[in-house]
Each structure stands twice: as structure tokens, then as C-alpha cells.
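What follows is one structure encoded as C-alpha cells, with my remarks underneath.
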Amino acid sequence: MKIDWSSLGFSYMETNCHIRYVWRDGSWGAGELVREPYLRLHIAATALHYGQAAFEGLKAFACRDGRVRLFRPQANARRLATSARRICMAQVPEELFLEAIRRVVDANREFVPPYGTGGSLYIRPLLIGSGAQIGVSPAKEYTFIVLVTPVGAYYKGGLKPVRAIVLDDYDRAAPQGVGHTKVAGNYAASLEPHHLAHEQGFPVELYLDAREHRYVEEFGTSNFIAITTDGKYVTAQSSSILPSVTNDGLQAVARSLGMAVEVRPVDFDEIPGFAEVAACGTAVVITPVNEIVRGERVIRVGPAEGVGPVFGKLYQRYTALQVGEAEDVFGWTVEV
Ligand SMILES: *Cc1c(COP(=O)(O)O)cnc(C)c1O
């Protein structure tokens, strides 16, 4: 099969197989590579009715030395464990999580975009309650799958800033709810505000804390990060923010460059004072934000075009680590 690596976007392309494990009677099965991209599921599975489902997102890269490496899979394993615990699902041990990813990536090597194309193999682990249950309680059977699909470089001609909107009629997550976990239902709840933002010409929406609408939470599917005028890295802290692996990694890179990092509540009114603002997540790494609109208020931040100098540099360093152009001093990569 011939793939035009330069035309890849972020959409699903069928690959050789996915991997599937089933948990029953307290233990996981051996797991099998399955060619068909379909799952035979009981109509009363808890994932379908009660949202007992959580997922992860990470990438494998073809590196400069020709090897394929996973980027920080242990961090995703730990986060899936947090999600599973919160909605009472069977735990996927870290070793099983890594084994599943290794096996499925190995079986789909020809779908890893070559070094230099800017693409990567997107990896999507998914854990669902697959046991039949009508009363509301945790399922007695779980299915863990990992699917992979090649994705392209998001930015084809340099980082492009986007406008964001605050929709004060919507909250993403409650302070003691499930916002800190990557459960499927969080995404369903974000579809309507995301659609409304889009209709008004905003690619992303920014959420504020549900209690006061005073503090910054995060963008729909990515964390809020900012650079102060004196060069500090600032990111919002709250019990309902999803802890982004990308944000964590960018903080480590920032520290390694001697920058101060502040993880603290960020008042919405601080935004006009920031030198640079961005959204961060696995899909794109960094998306500069140059304008935030809330009602009549329009806040412009950072350069109107392109990316600011600090996020530009962090982006370069981070992506160099992903593809093995920079030495893996953090021990983040795992060879497949
Ligand atoms: C997945 C996700 C992110 C980004 O996390 P990464 O690990 O960096 O990809 C941010 N916010 C929400 C709500 C998410 O679900």
C-alpha cells in the first residue's frame, strides 16, 4: 500500500490491526491482534449506557536513527489508571499497557510516517466496561483495545495562532467531578459548546472554573499555558483540569532551559498581562492563541502572526526530543 505522507491529516485511516484484551473474573487475557476494525459488544454493555469508558492518546515516531519510539507511554499508563479508578473499571497494569502498545505498533510498522515527514503514528488506548448490566453498577467484564492510525504534521508552514472564546453558559467540569480524568463522557459534554464556538469562528473554547467563572481552567481538549513578560512559564491549577502529558513535558523542558515554572490558579483578568498564551496537547503540541473573546471583551496576546519566541523555542526542543534529534535526557522514549 502506498500512503501519501504529505497529505495526512488528523483522521482515521485503517491499518493492519488493533489489539484487544478482555478482563474477566479478575484477570486479563492474553490479548490478540484483530484485523477487523469492529467490536462485537453486548447491547447492555456499561460503556454504551452509563459511559463506563476512558481513553488515552499518545504517539510513536520514526526517529532520525531509523528506529521507532513511543513518547512517554508510562505517563499515559498512569493517567489511564487514574481514570479507571474514578469510574470503577478494572485496572490495566503498566506492563500490560506497554506490551499492548508495543505489539500493536510492531504489527503496524509500515504505517509509521517516515522521519522527516513530520507525521507520527497516533496511538489510542481505550478501556470500556463491556459486560452486560442494567442496574447501575460497575461491569463485570472490561475490554481494553489499542488502535493506531497515521497522522500528519499539524502545522505545514509554521505554527499558526488561533482565536479562542469563553462561553460563560457552559462549564467543562465540576470541581469534584471527573474533569481530571480522560473519561469519554467529558468529550460528549464538550461537543455542543465546541460546535457553538466553531460557528462563531473560534477553533477553540476556553473554560473557566465552574464555581466562580473567575479562574482559567483549560481549552476544550488542551491545557492553558502562558509566558509572563519576565519569561516565566505559567499554567493553571485546578482539581478539574485534565493533567496534560504535553504540559508536563513542556514544563520539564522549560526548567531545563533555566525558566521558572508556576503551576497555580490563573485569574482570567491576568491574561492581558501575559506575553504569550497557548494551548497544548499531544495532537498539536503547541497552538499559539493570539486572541481571547469573552462577551464584549476582546483580549489580544502575543504576536498576531506565528508563535512567540518562548513557545517557539519550547516547541522546537520538545519536537526534537520526540524524533530523536535531541538526546533523550529525560528518559521519555521507549523503543519498539
Ligand atoms: C487529552 C486532554 C488534554 C491533553 O493532554 P495530553 O496528554 O497533552 O495530550 C488536555 N485537556 C483535556 C480535557 C484532554 O482530554
Side-chain angles (χ1 to χ4, degrees), residues 10 51 53-61 70-84 86-87 97 101 120-127 146 148-149 151 154 162 164 166-167 170-175 177-194 197 203-210 215-226 233 235-254 261 263 266 277-287 289 311 314-315 317-319 321-322 330 332-334:
F10 196 83
F55 65 95
E56 275 303 327
L58 66 157
K59 287 175 168 177
F61 296 87
L70 310 173
F71 194 69
R72 303 197 72 187
Q74 294 93 343
N76 297 90
R78 286 194 292 271
R79 194 168 63 186
L80 183 63
T82 304
S83 301
R86 180 64 180 81
I87 58 173
F97 185 90
I101 292 176
S120 56
L121 189 70
Y122 183 72
I123 302 166
R124 167 57 62 82
L126 172 71
L127 175 64
V146 183
V148 296
T149 196
V151 297
Y154 193 85
V162 299
V166 175
L167 297 166
Y170 290 88
D171 292 318
R172 195 192 79 86
V178 292
H180 63 296
T181 65
K182 217 168 173 73
V183 296
N186 283 344
Y187 278 67
S190 75
L191 292 176
E192 187 178 47
H194 186 69
V204 293
E205 67 278 14
L206 176 65
Y207 293 95
L208 304 182
D209 77 286
Y215 298 101
V216 172
E217 288 266 318
E218 60 176 314
F219 299 97
T221 59
S222 45
N223 277 184
F224 175 97
I225 54 177
Y233 182 110
T235 191
Q237 185 178 45
S238 140
S239 62
S240 44
I241 290 175
L242 191 281
S244 152
V245 175
T246 314
N247 190 351
D248 180 77
L250 289 169
Q251 287 173 34
V253 172
V261 173
V263 183
V266 174
V277 170
C280 71
T282 296
V284 206
V285 182
I286 285 179
T287 305
V289 173
F311 281 142
L314 292 176
Y315 179 82
R317 294 272 175 145
Y318 193 81
T319 51
L321 288 161
Q322 290 179 320
F330 301 101
W332 282 343
T333 61
V334 174

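We count ligands from 1, going down the list as the structure has it; atoms in each ligand are counted the same way. Index from 1, following the sequence.
Given atom 13 (C) of ligand 1, the protein heavy atom at minimum distance is R172 NH1, 3.3 Å. Atom 11 (N) of ligand 1 has its closest protein heavy atom at E218 OE1, 2.6 Å. The protein atom (non-hydrogen) at minimum distance from atom 1 (C) of ligand 1 is K182 NZ, 1.4 Å. The closest protein non-hydrogen atom to atom 15 (O) of ligand 1 is Y187 OH, 2.4 Å. Nearest protein heavy-atom neighbour of atom 3 (C) of ligand 1: T221 O, 3.3 Å.
The shortest N or O to N or O distance between S244 and ligand 1 is below 3.5 Å.
Of all heavy-atom pairs between I241 and V216, the closest is CD1-O, 4.5 Å. The heavy-atom pair separating N223 from S244 by the smallest distance is OD1-CB, 3.1 Å.
More than 12 heavy atoms of other residues, nucleotides or ligands sit less than 6.0 Å from atom CZ of R124.
With values rounded to the nearest 0.5 angstrom, I286 atom CD1 is found 4.5 Å from L250 atom CG. For the atom pair OH of Y170 and CD of E192, the computed distance is 3.5 Å after rounding to the nearest 0.5 Å.
Between F219 and F224, the ring-plane angle classifies as parallel under the 30° and 60° cut-offs.
When N76, V183, T181, T282 are ranked by how near their heavy atoms come to atom 9 (O) of ligand 1, first place goes to T282.
Each of the following atoms of ligand 1 lies closer than 4.0 Å to a heavy atom of R79: 5 (O), 6 (P), 7 (O). With ligand atoms numbered from 1 in the order given, ligand 1 contributes 6 (P), 7 (O), 8 (O) to contacts under 4.0 Å with heavy atoms of V245. The contact set between ligand 1 and G220, taken as ligand atoms under 4.0 Å from a residue heavy atom, comprises 13 (C).
Contacts of S222 with ligand 1, taken as heavy-atom pairs under 4.0 Å, involve the backbone alone.
A distance of 6.0 Å or more separates the ring centres of F330 and Y318.
Between the side chains of T235 and N247, a donor-acceptor pair is found at a separation under 3.5 Å.
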